[in-house]
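Start at 1 and go down the list; that is how both ligands and their atoms are numbered. Computed over heavy atoms, backbone and side chain alike; hydrogens, waters and symmetry mates excluded.
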Amino acid sequence: MSDPAVALRGVEKSFRGHAVLRGVDLAVARGETFTILGGSGSGKSVCLKHMIGLLRADAGRVSLLGTDVTALREHAWVALRRRCGMVFQGAALFDSLSVLENVAFPLRHHERWPEPRVRERVAACLEAVGLPGIEAMLPAELSGGMRKRVGVARAIALEPELVLYDEPTTGLDPANARRISELILALNERLHVTSIVVTHDLDLCFAVSDRLALLKSGRIAACGNVDEMRGSANPDVRAYFEGIQDDGEVREAEGEAHGS
Ligand SMILES: Nc1ncnc2c1ncn2[C@@H]1O[C@H](COP(=O)(O)OP(=O)(O)OP(=O)(O)O)[C@@H](O)[C@H]1O
Ligand SMILES: [Mg+2]
């Protein structure tokens, strides 16, 4: 793939001697919606954090939006992060700041917009996640699902080229989960945003993904489009999908013994 939005090549990462990533290879094309599936503790969040420089690989290379970021210095990350949004697994809001301040945070950090423009943008982002008019509320006053959606609103505030979503629908009711799927699709269609989605929500996965990959034992065990993966004879893929369908949860729990 020439000029991918994100590429990981042979990425390895261990924590205290426990190998989590053992040579991850993946490339996500610009404008693509790419989903990473895998059991709890398989290293999905760790993968996302490598893409955006929150973790550094022990070995291998990472490129982001045309830049080799494997050893990028922190000051050089500022301009690149301006172009990326991240929805963290726990919503990771600032508890002492209002919803307005939370969503406006990246705008104020990276831009010097006049206040009315900031407020207009915040209002549009809250509208997009189905929470219009909640600017004055504090995170403690919100339900878990609302916090999650405020996290999504913050991630898209700067109209990023690339958005990383770590379990964006966990804890949402079906209507709001669908709203997140529609938002990912709309960002892709209108603005050609590249999306990388980590999820256990197969409805979301099948609705938005151009391609999906299964992370298992520290490597990409399989990768393909929705039809290829759903029809895959790969035993790891079958076991993953059947494990989810049996009990709505991910049974495979590799790595959990290590305290994920
Ligand atoms: N900063 C860290 N320090 C030490 N260990 C870590 C760190 N981050 C992740 N790990 C370990 O790496 C493994 C993979 O964690 P990760 O959060 O990527 O799992 P995951 O696939 O996202 O799981 P889940 O679906 O439950 O979110 C776990 O064993 C976890 O304990
Ligand atoms: Mg995770």
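Within a radius of less than 2.8 Å around the Mg ion (ligand 2), the protein N, O or S atoms are Ser45 OG, Gln89 OE1.
At least one heavy atom of His18 sits closer than 4.0 Å to an atom of ligand 1.
The ligand atoms of ligand 1 that sit less than 4.0 angstrom from a heavy atom of His200 are 25 (O).
Taking a 6.0 Å sphere around CZ of Arg30, one finds it holds more than 12 heavy atoms contributed by other residues, nucleotides or ligands.
For Glu161, the salt bridge (Lys or Arg N to Asp or Glu O under 4.0 Å) test picks out Arg83, with sequence neighbours left out.
When heavy-atom distances to ligand 1 are checked against a 4.0 Å cut-off, Val46 comes that close through both its backbone and its side chain.
Around atom 22 (O) of ligand 1, the closest heavy atom drawn from Gly39, Ser45, Ser14, Gly38 belongs to Ser45.
For ligand 1, the polar-atom distance check against Val20 finds no nitrogen or oxygen pair separated by under 3.5 Å.
The ring of Tyr165 has its center no closer than 6.0 angstrom to the ring center of Phe34.
Listed for the Asp201 side chain is no donor-acceptor partner under 3.5 Å among the backbone atoms of Glu167.
Within the structure, ring pair (Phe, Tyr, Trp, His ring centres under 6.0 Å) pairs that include any residue of residues 92-113 comprise Phe94-Phe105 (at least two apart or interchain).
Side-chain polar atoms of Thr70 and Asp68 form a donor-acceptor pair below 3.5 angstrom.
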Could you list the donor-acceptor pairs under 3.5 angstrom formed between side-chain atoms of residues 123-140 and any protein atom two or more places apart in sequence or on another chain?
none

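Both tests hold for Arg230 against Phe206: distance to the six-membered ring centre under 6.0 Å, angle to the ring axis within 45°.
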